[in-house]
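We number each residue from 1, following the sequence as shown. Counting starts at 1 for both ligands and their atoms, in listed order.
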Amino acid sequence: METGPRSPLKSTVVSDLERNLEQVRERIRSAAARAGRDPGEITLIAVSKVFPAGAIREAYALGLRDFGENYVQEFEGKAPLLRDLEGARFHLIGHLQSNKARRAAELFDSIQSVDTEKLARRLNDAGKPLEVMIEVKLSPEESKSGLDPQAAAPLIAAVRALPNLRLRGLMTMPPWFDDPEDARPYFRRLRELAAHHGVTGLSMGMSGDLEVAIEEGATHVRVGTALFGPRKHD
Ligand SMILES: *Cc1c(COP(=O)(O)O)cnc(C)c1O
């Protein structure tokens with residue numbers, strides 16, 4: 001046991017991140033309880049975009065192991081500062097252009113934003129075992145990323161046939177709503193789509209709507225603001 005002069009301080013000073021993390025974990029626990037689910041089957045992905053490598057290190061020290069980043073170029077700058085974080089897993093959750101696929105495959109353990117066969121093939125060609133999710137666009141709103149659900153079957157089949165890719169689930173990001181209840185139909189739709197294709201993972205739910213997503217079956221929630229605070233830009 002540590003008995004140095006620093007230990008009393010350590011036990012009383014709680015950082016913002018530590019407090020936020022406790023709140024997010026409590027939200028996950030109670031949503032899981034309401035849904036009769038085991039909270040242990042829900043992976044909390046800390047979305048660290050815009051925040052420096054130091055924020056990831058602090059989160060890691062508090063026990064977080066899964067981190068979500070949106071931009072290959074931004075993470076390229078942080079990755080060298082994080083090499084020693086054993087067991088940390090980095091997920092690319094932002095749109096990926098196929099010309100950056102090789103670099104993304106080197107930097108990340110998992111790519112959640114696969115939305116074309118061309119991108120899937122490029123990721124496979126990088127030659128490294130990679131977990132992937134397929135990003136589905138469930139609303140007609142203008143957005144450049146995400147696959148039309150009608151086109152899910154061929155892409156799922158293509159990903160399953162690529163030897164370096166392991167299909168871990170489907171991912172979605174509903175339009176922004178003030179009332180998280182309004183996101184429920186999108187989460188439900190993703191769950192039904194996944195079940196229809198025999199896919200088990202569901203990456204859905206963010207700071208504002210993670211409870212609803214968990215009630216609808218989320219296996220991965222992607223949480224930024226509720227952990228790290230507001231982003232100045234992204
Ligand atoms: C930024 C982002 C998140 C996190 O959003 P918060 O509302 O800050 O929790 C989750 N998923 C994706 C794809 C994002 O780009």
| message | How close do Leu64 and Leu44 get, counting heavy atoms only, and between which atoms? | response | CD2-CD2, 3.6 Å
| message | Before we go on, tell me: are the rings of Phe67 and Phe108 under 6.0 Å apart, centre to centre? | response | no
| field | For Met173, the ligand 1 atoms whose distance to one of its heavy atoms is below 4.0 Å | value | 12 (C), 13 (C)
| Tell me, do Glu22 and Leu17 make a side-chain contact under 4.5 Å, heavy atoms counted? | no
| note | side chain to side chain donor-acceptor pair (under 3.5 Å) test vs Asp66 passes for just one of Arg222, Arg89, His220, namely Arg89
| message | Taking only non-hydrogen atoms of Arg231, do any sit less than 4.0 angstrom from ligand 1? | response | yes
| task | Flag the pair Asp38 and Arg29 as a salt bridge only when some basic side-chain nitrogen lies within less than 4.0 angstrom of an acidic carboxylate oxygen. | result | no
| said: The criterion is ring pair (Phe, Tyr, Trp, His ring centres under 6.0 Å); which residues satisfy it with Phe51, sequence neighbours excluded? | reply: Phe228
| said: Nearest non-hydrogen contact with atom 6 (P) of ligand 1 belongs to which option: Ser145, Ser203, Ala46, Ser207? | reply: Ser207
| field | Ligand-side contact atoms (ligand 1) for residue partner Asn70, heavy atom cut-off under 4.0 Å | value | 14 (C), 15 (O)
| In terms of atom number and element, which parts of ligand 1 are under 4.0 angstrom from non-hydrogen atoms of Thr225? | 6 (P), 7 (O), 8 (O), 9 (O)
| Out of curiosity, Thr219 OG1 to Glu41 CD, how far, rounded to the nearest 0.5 Å? | 8.5 Å
| said: So if I count the atoms of ligand 1 from 1 in the order they appear, which ones are less than 4.0 Å from some heavy atom of Val223? | reply: 9 (O)
| query | Which atoms from ligand 1 have a heavy atom of Ile93 less than 4.0 Å away? | reply | 11 (N), 12 (C), 13 (C), 14 (C)
| request: Please could you name the atoms of ligand 1 that Lys49 approaches to less than 4.0 Å, counting only its heavy atoms? | output: 1 (C), 2 (C), 3 (C), 14 (C), 15 (O)
| task | State the atoms of ligand 1, each with its element, that fall below the 4.0 Å cut-off from a heavy-atom position in Arg222. | result | 4 (C), 9 (O), 10 (C), 11 (N), 12 (C), 13 (C)
